[in-house]
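Numbers here are sequence positions counted from 1.
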Amino acid sequence: MTYRVALWGTGNVGRHALAGIVARPDLELAGVWTSTPAKAGRDAGELCGLPPVGVAASTDEAEILARGVDCVVYTCMADVRLQEALDDLARLLRTGVDVVSASPVFLQFPDQVIPDAMSAPIRAAAAEGGASLFVNGIDPGFANDVLPIALSGISERIDQIRCMEILNYATYDQATVLFDIMGFGRPLDETPMLLLPGVLTMGWGSVVRQLAAALAVDLDGIEEHHVRLPAPETFGIASGTIEKGTAAALRFELRGMSGGRPVIVLEHVTRLRDDLAPDWPRPSGQGCYRVELTGEPNYTLDLRLLGSDGDHNTAGLKATAMRLVNAVPAVVASPPGLLTALDLPLIPGRGLVTGT
């Protein structure tokens, strides 16, 4: 079966998703929506570094949907336009089209993470259109749902599951995320958006709650912890300049508590230079996602990232994009509603090259 797919958004994740749609033989690119007028009319292949594919980007949402679309791959940023993104998803679902999306991330598993009133319009739109929504990526997503759940299946006893991202973000060229949201390059006495009380839980509480649901664990609550370290001198990264004394390393944890102890932990260790915070956890390879399962027996599972261009951040963007693209057939086949990783089967790719 062939699925007609439209891409919504052509930014950092979107261009990788676009290439993935073109590469997968059971997907047909039906359209590309862009918010950038300068990209309208340009061939989709040009937007993702491929030869022409015969589909031009457009700013006309209705015209794209009128072509007959089974699923939309939604990769527009939601961090600084949350309500607009929620409105986008609801509007698409009401038309009857299924959606796989990288954001808003709390919709990965919203129960007990956000007020029901925030997810209710999405659920209502899905019911009205008879459509499904699946929100996922690499983190929140595959690295902290599929990997730890699979690892738990070979455990006799589980005392704690810790899911970690250990990455250097210096080559991640997204100034809004790094500077405005995460607070890198900002004075340490300023609190960035990400570290305002409750924001970490809104972003990654879905990870903790979903794992608790999968493992049938009742949590007493989720605690947030973080620490930042300054740049020892001024240096440059892809997105700009980090001045001496401003934030250059961030470590945070969300601790799912039960019986007074952390049983499910989401941890991020983010540096802008490899020599910063030498006492913090180090990655396997250039960068990795790590699952540590403490119990009987103890397990450590590292997922190393490396793109074909030699950059681990490229691999992370590609992983998020392909988690969505490869999920299209399973999501289209699912009943209407807001889906989670617990609702879907294991999702395979279609990228194995055979022959000579």
Could you report the tightest heavy-atom contact between S132 and D98, atom names first, then the distance?
N-OD1, 2.7 Å
Examine R271 relative to Y169 and say whether NZ or CZ is less than 6.0 Å from the centre of the six-membered ring and inside a 45° cone about the ring axis.
no
Which atom pair, heavy atoms only, marks the closest approach of A90 to P121?
CB-O, 4.4 Å
Working note: E224 + T201, criterion side-chain hydrogen bond (donor to acceptor under 3.5 Å, both in side chains); need CA distance, chi angles, decisive distance, verdict.
CA-CA 7 Å; E224 300 178 355; T201 298; 2.6 Å; yes
Would you name the heavy atoms of C71 and V332 that are closest together and state the gap between them?
CB-CG2, 4.0 Å
Does a sphere of radius 6.0 Å around CG in D309 hold more than 12 heavy atoms from other residues, nucleotides or ligands, not counting ones at 6.0 Å or beyond?
yes
Return the minimal non-hydrogen interatomic distance between A57 and T34, and the atom names on each side.
CB-CG2, 4.0 Å
Considering residues, nucleotides and ligands other than D116, do more than 12 of their heavy atoms fall under 6.0 Å from its CG?
no
Give a yes or no on whether the backbone of A315 and the side-chain of H16 come within a donor-acceptor separation of less than 3.5 Å.
no
Working note: T300 + E292, criterion side-chain hydrogen bond (donor to acceptor under 3.5 Å, both in side chains); need CA distance, chi angles, decisive distance, verdict.
CA-CA 5 Å; T300 298; E292 293 181 345; 4.8 Å; no
Relative to each other, are the rings of W204 and H268 parallel, tilted or perpendicular (30° and 60° limits)?
perpendicular
Between E233 and K244, is the closest basic N to carboxylate O distance under 4.0 Å?
no
Please determine whether side-chain hydrogen bond (donor to acceptor under 3.5 Å, both in side chains) holds for the pair D145 and N136, giving the CA-CA distance in whole Å, both sets of side-chain angles, and the decisive distance to 0.1 Å.
CA-CA 10 Å; D145 54 43; N136 215 262; 3.1 Å; yes
CG/L194 to CD1/I181 distance, rounded to the nearest 0.5 angstrom?
8.0 Å
In plain terms, say whether R81 and D88 are close enough for a salt bridge, that is, a side-chain N and a carboxylate O under 4.0 Å apart.
yes
Residues R290 and D302 bridged, charged N to O under 4.0 Å
yes
Output yes when E61 and R91 qualify as a salt bridge under the 4.0 Å nitrogen-oxygen rule, no when they do not.
yes
Would you say the side-chain atoms of S101 pair up with the backbone N or O of S103, donor to acceptor, closer than 3.5 Å?
yes
Point-to-point distance, once rounded to the nearest 0.5 Å, from CH2 of W8 to CH2 of W33:
8.0 Å
Is R304 atom CZ crowded by more than 12 heavy atoms from other residues, nucleotides or ligands, each under 6.0 Å away?
no
Does a side-chain N-to-carboxylate-O contact under 4.0 Å join E190 and R186?
no
Minimum heavy-atom separation for P329 to D26, with atom names?
CG-OD2, 3.9 Å
When hydrophobic residues are tied together by side-chain contacts of less than 4.5 Å, even through go-betweens, does V80 share a cluster with L178?
yes
Looking at D159 and R157, does any basic side-chain N land under 4.0 Å from a carboxylate oxygen?
yes
Using every non-hydrogen atom in the two residues, find where A44 and L18 come nearest and quote the distance to one decimal.
O-CD2, 3.2 Å
